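All values below come from the heavy atoms of this structure, side chains included, with hydrogens, waters and symmetry mates left out. Quick caveat: nothing in here was measured; it's all calculated off a predicted structure.
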Amino acid sequence: MSDHRQFVIGVDIGGTFTDTVIVDDAGQLFESKVLSTPRDFSRGFIDSIVEGASKVGISLAELLAQTILIKHGLTVASNAVVTRSGAQVGLITTKGHEDTIFIMRAIGRVAGLPIDKIKFMARTDKPYPLVPKNRVRGVTERVDYKGMVLIPIEEAEIEKVLLSLLGNGVDSIAVSLLWSFMNPAHERKICQIITKHESKLFVVVSSDVCPIIGEYERTATVVLDAYVGPILQSYLVPLQTRLKDIGYDGPLFVLVASGGVVPPETAISHGVGTVDAGPTAGVVGTSLLCESLGVRNAIATDVGGTTFKVGFVVDGVIPMAREAILGQYTVSFPMIDTVFIGTGGGSIAWVDPVTKTLHVGPQSAGADPGPACYGFGGGEPTVSDAELVLGYLNPDYFLGGKMKLNKKLAEEAITQKVGKAMGMDPVEGALAIHEIANASFSDLLRSAFFARGYDPTDYILFSYGGAGPLFGANLAADLGIRKVIVPFMATVHSAFGCAACDVVHIHEKSEFMTMPAKAESVNEIFAELERAALAQMEKEGFREVSLVRFIDMRYHFQEHLVATAAPAGTYTDETLRAICDTFEAKYEQLYGKGSAYREAGIDLVTFKVTSRATVYKPQMKKLDFYGEDPSVALKGTREVYWREARGWQRTSIYDAEKLRPGNQVEGPSIVESFGHTVVVPPGVLGAVDGHLNLILTIGG
Amino acid sequence: MSDDPAIRMDPVTFEILRHRLQQNVMDMTKAVEKVSGSPVVLYAGDHMESIYDAEGNLVLAGMACTHTTLPTGKVAKYILKTFESDPGIYEDDQFFFNDPYISGIHNNDMAVVGPIHYGAEMVGWAGAVTHCLDTGGTFPGGMSPWSRDMFQDGFRIPGLKLMDRGKVRSDAIRTLANLCRLPELITLDTKAKMAAINVAKERIQAMCHRYGVETVKQFFHELMNYSEKLARAKLEKIPDGEWESSTYLDDPAGDIFEIHCVMRKEKGHVTLDFTGSSPQSSYGINASASATMGGCFVGLAGFLFPNIPWNEGMYRVVDFVLPEGTVVNATQPAATAANMPTGTSMLIESLIQELVAYMLYAVPEYRREVYCPTWGASADFQMSGLDQRNRFYVTIGFNVMGAGGGARFDKDGCNSAGWQGSPISWVPNVESSELFYPMLYLWRRELPDSGGPGKFRGGAGLEVAFKLHDAGNSEARVAGIGGGFEPMNIVGLSGGYPAMNPYMTLVKEASLENLPTCLAEIQGKKESLAPKALFGMQDGDALMLLSGPGGGGWGDPLEREPRLVLKDLMDGYVSREAAAEIYGVIVDMKLRIDEKATATKRQSLRKKRIPEQKSPTADPDSVTPHEDLDVYPLGEYLRLNLSRKVFQCSRCGYSICAIHENWKEHILLREQCVSGTQRFVLRELFCPFCYVCMKVDMVRTGTPLVRSFRLLGLS
């Protein structure tokens, strides 16, 4: 071991597991997986590094002494939102508009719910409020759509409002006034006065963190920030101290939904970015693999027991979205575009007693009681039960054998709940469940492509998470996708992505201009945004920073904004016209040929600058090829049901950890690792590349 | 019937195709939303996308505007019938359609439909309808109650080829643009619908390619049977009976019209009989037969059959009796433009909700689906003029989308919940409205006491006020398009009370410099407007309205848990006065419930339910214990005891009368006028023994006691 060996650590805490990936400067990777510890997440965090150190083969102290960077994806904030255990928030807003956060534009009753819930209107409700009515205060003030002050704000009133909120025992204050993004003076005044009185109080101001049009979404965003900020603070600050205590001197960075990491202070001050960051790391990991494999377009599918999450890489870039729905609240901040599409392996199969028809989902057995085969008392047959009965899952090698799956229970559940009513034996029942689940997942993926104007046949499917590679090949075949890549670290792929993330900030500002806009005004806005971006990076200690500009544009009359790439430099009228052309091309790509409608006029709405500093990129080592024969990795055979062959077939089972670069695995076969199972159906060829990724080619 | 297999095809293929078709329809919706950009599409969710079979039967509707499920279901059939020979229907044709006398709600609902071919064979149709913000009629925006005939309603096209064998007919597109005050908007809307049909076509063709044309056709057929089977099975679990009620609407002349409906449920079938409804009006509040059926389906699809695929199979279990020449089936050339959102079909939505709710309550497993009426009244405005950039605009307020939800049997209604006619309706941001239109919102809030009182309260509605801003010297032409300011149409159920009526107040020559945030702070000439009012607004005028009203309440408010009343008081959903006088809950200055005072107050409120001239006649011997029960519940406090063949109070067990009698003639009754004109009364019906409020009817003064429920084969 060299004295100069350096490590970067990525720790990704999920609902069930905490995954760690350790990368050394030679590009060697080590992974570990431990149970998450929701009561004190930092325990699982340290546990996973301890286990990681043992994988590297050195002591924890040695590992930490040589670690230059730790990057961290966390669920502390999501957890606080789900369990409603966040801070006591006070909200200050424009008088007359105190109810904005309760009205939720009415759509809050159903936002983000699946179709079966939305249609059942009698039982839909708004979420339990994050801030109660008695902690919202209106102040007399008004700014109009041009940013002109109509009613100036009075200091005395702010003080009165502040005192009454403090008397109410608030931990944090969110400030969101009408049109504050056009003129932040009133919000700044409020902030000043709060800081003057209570310098330690947690304050979030909408014109700082979310300077864009739409008072509901802006208010929801700062309320969530104020709700999770203090919680993040009480997790991250002690964690840093603890890391120092056990010998780590370097910085800790936190993963956010914008697709990068930020210092803890930034994560705390705009905590909403960490709430939905779960799928982010996996997508970043996918984009990094795309880069090294020369893949331009990819769909990243992360399937666990209870979730099925999707992200994209388009033309080498991860597309951004600007709204997310968190617990039925619509929040607005720049984030990478991810979609939650379903419930994965836990979806329950059931027969409608009236029509005797078989359905899968949308109910899920979740992790507890989970599928029948877990033996935790779940009597409902799930997709995972079907996969077990058909032989895709290995009952003795689930989580590397840490957990036994009970095939008998799976068969029994299928017989009781499906087979009897449908006149099917357990295998027929399992096959029916398997086919329906596959088809419905592919329908949902197709819609995710469609909503974005992407053509699936241009894409490669990345398949990871515990259950992803079970479905990957079938989904691809259904969607006309030719290649599936199972990343070499499929089960800890997110932690890998986390380790690989850059520091990313996005600065934005809404200001309305209709074409032909003044180039001068656009130049001023970008100059201001870029100054702010560079200043922030400098404050965090980064000087080598790349800047990328975007403008959210739309046709007049339309609500939909299209994020349009804009060049660097000083603009002329010519540049703006060229940006409009880009917008129209992108618009037609998204909404279909012939949908562009220049006669309506083009609006520039929000200006954005993404700043990026590369802290450390793992250099992935390419390994030498060993030849096509995978027999060293062959761990045995078992009977597997293949629908393509319409029957059982004795099928080769390979150990994923023993496959070497160049090995070829011919379908039908199964590749197992301790955390996931890759199904290679008949007619599909798997090949291991120089980075140990398994690449499946559909249709030979 | 119940032993028939519902599906005569491979169940796995059926389920795969069912999910796929549902997802395809959702993608059609997405296509419409993406391209249209119209605020009615985006905020009101007022659009619907559908797939039909080759005969034009609706195979699956989307999940946006349930009001248009049935009406759009007939467009394809009509085009097939009338266009087949001349000008002919070919592969890749598309047709425009907006004739509410044939199919639709009003002229604003503009549909595009087109056949789907696989090879040479027609396998089905796809269609989409959106509400367009103008119809080129006499009044900007359409939807005008002042409209006197169908020509003033706007243009009305019974089918026009938009796409001919794959080629867009630009002459047709330009013609539509010329007919409308918002040419860009109608063009975008049209393109949006054409795009949706293209999506459907591609997907259905892929389905045929993969599974075979015959399988797909069979699947369409089976999906309709599947819905029918589910709908019938649900109805069969409900005891046969009749539920009856009326609701009332006004026209611009102030005349009152009754919509009367008896819902008869026998076995797996429902008949909605509107006999007894008023003759049609000479104003635009009438509904065509198609619009009436559309209104009915808000109650039926949304609340009786929320979780079956919405299609032709659902229609098969419902029949309508719609007497010609009445407000529910107006004959040409009557105007129908304003049957939504101020007229007949809006009121029908909540009327059917009421009847469906009582029907569902009878069956314990359906009780969770009970939803008290909403939206039977509203106040909105249609405004046009020159915006701050000197461009013509016409828009509606959309705050009505913040109407409160109806109470449930076990919980309050959702506050500012959205329109029940479209589960995906939005209230626009104040900032979007102020950006696009020359207006400035003074306030927008959930109004205290707006939700109907009850053991479970109706959701609160939205009160808003705005003034013109940056309009220069140009006047805004405003049309109040409200309804139900006088009768309390959003009734409560099972002893719950109606929601507060909507209102509209214009303040002329107001001093608005300080941007008041409540009406009391506004100085100026305040004028209460009629629900249908035409007026101009200048700089310096303000308009205030309870736009989306609250929802109806469930159960006797005196039965509401005091702690819930206290919470409502603290959250501003109930005023101190209402807490005391309606709920009988006394709260001290430190916001604590005074339990003693509350008990006393509730006792005295109950006492007041006994009419002064009449001493209580209840015989304590008529109270039976709760055990021996073969009962049929008609609400929380009223039941039919089938073993004893009597109506009973479920709260105290008091036997009211024999099963064949009119129960309303045997209980305590109190009437209160609900408006200055004394045209309507609230009729409260109390148990003669325990004085619980069993039902609150809102009727025209002097209306005889209608029984409301009748069990078939029993009474």
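Contacts between Val136(A) and chain B at a heavy-atom distance below 4.5 Å are absent for every atom of the residue. Only the backbone of Ile308(B) has a heavy atom closer than 4.5 Å to any heavy atom of chain A. Neither the backbone nor the side chain of Ala192(B) comes within contact range of chain A; no heavy atom of the residue lies under 4.5 Å from a heavy atom of that chain. Interface remark: Phe449(A) contributes no atoms to any contact with chain B (heavy atom separation under 4.5 Å). Interface remark: Met182(A) contributes no atoms to any contact with chain B (heavy atom separation under 4.5 Å).
Per-residue counts of heavy-atom pairs under 4.5 Å with chain B were compared for Asp99(A), Asp443(A), Asn438(A); the largest is that of Asp443(A). Annotation: maximal heavy-atom pairing with chain A below 4.5 Å, among Met63(B), Gln22(B), Lys30(B), occurs at Met63(B). The choice from Ala451(A), Gly453(A), Ala432(A) that makes the most heavy-atom pairs within less than 4.5 Å of chain B is Ala451(A).
Tyr393(B) and Tyr437(B) have tilted rings, their planes meeting at an angle from 30° to 60° on a 0 to 90° scale.
Annotation: Tyr441(B) is not in aromatic contact with Trp443(B) [ring centroid separation under 6.0 Å not met]. Here the two rings, on Phe512(A) and Tyr145(A), have centers that are 6.0 Å apart or farther.
The side chain to side chain donor-acceptor pair (under 3.5 Å) analysis of residues 100-117 of chain A, with sequence neighbours excluded, yields the pairs Arg105(A)-Glu217(A), Arg109(A)-Thr124(A).
Under the salt bridge (Lys or Arg N to Asp or Glu O under 4.0 Å) criterion, Lys567(B) pairs with Asp571(B), not counting sequence neighbours.
Side-chain contact, Arg218(A) with Ser207(A): no donor N or O sits under 3.5 Å from an acceptor N or O.
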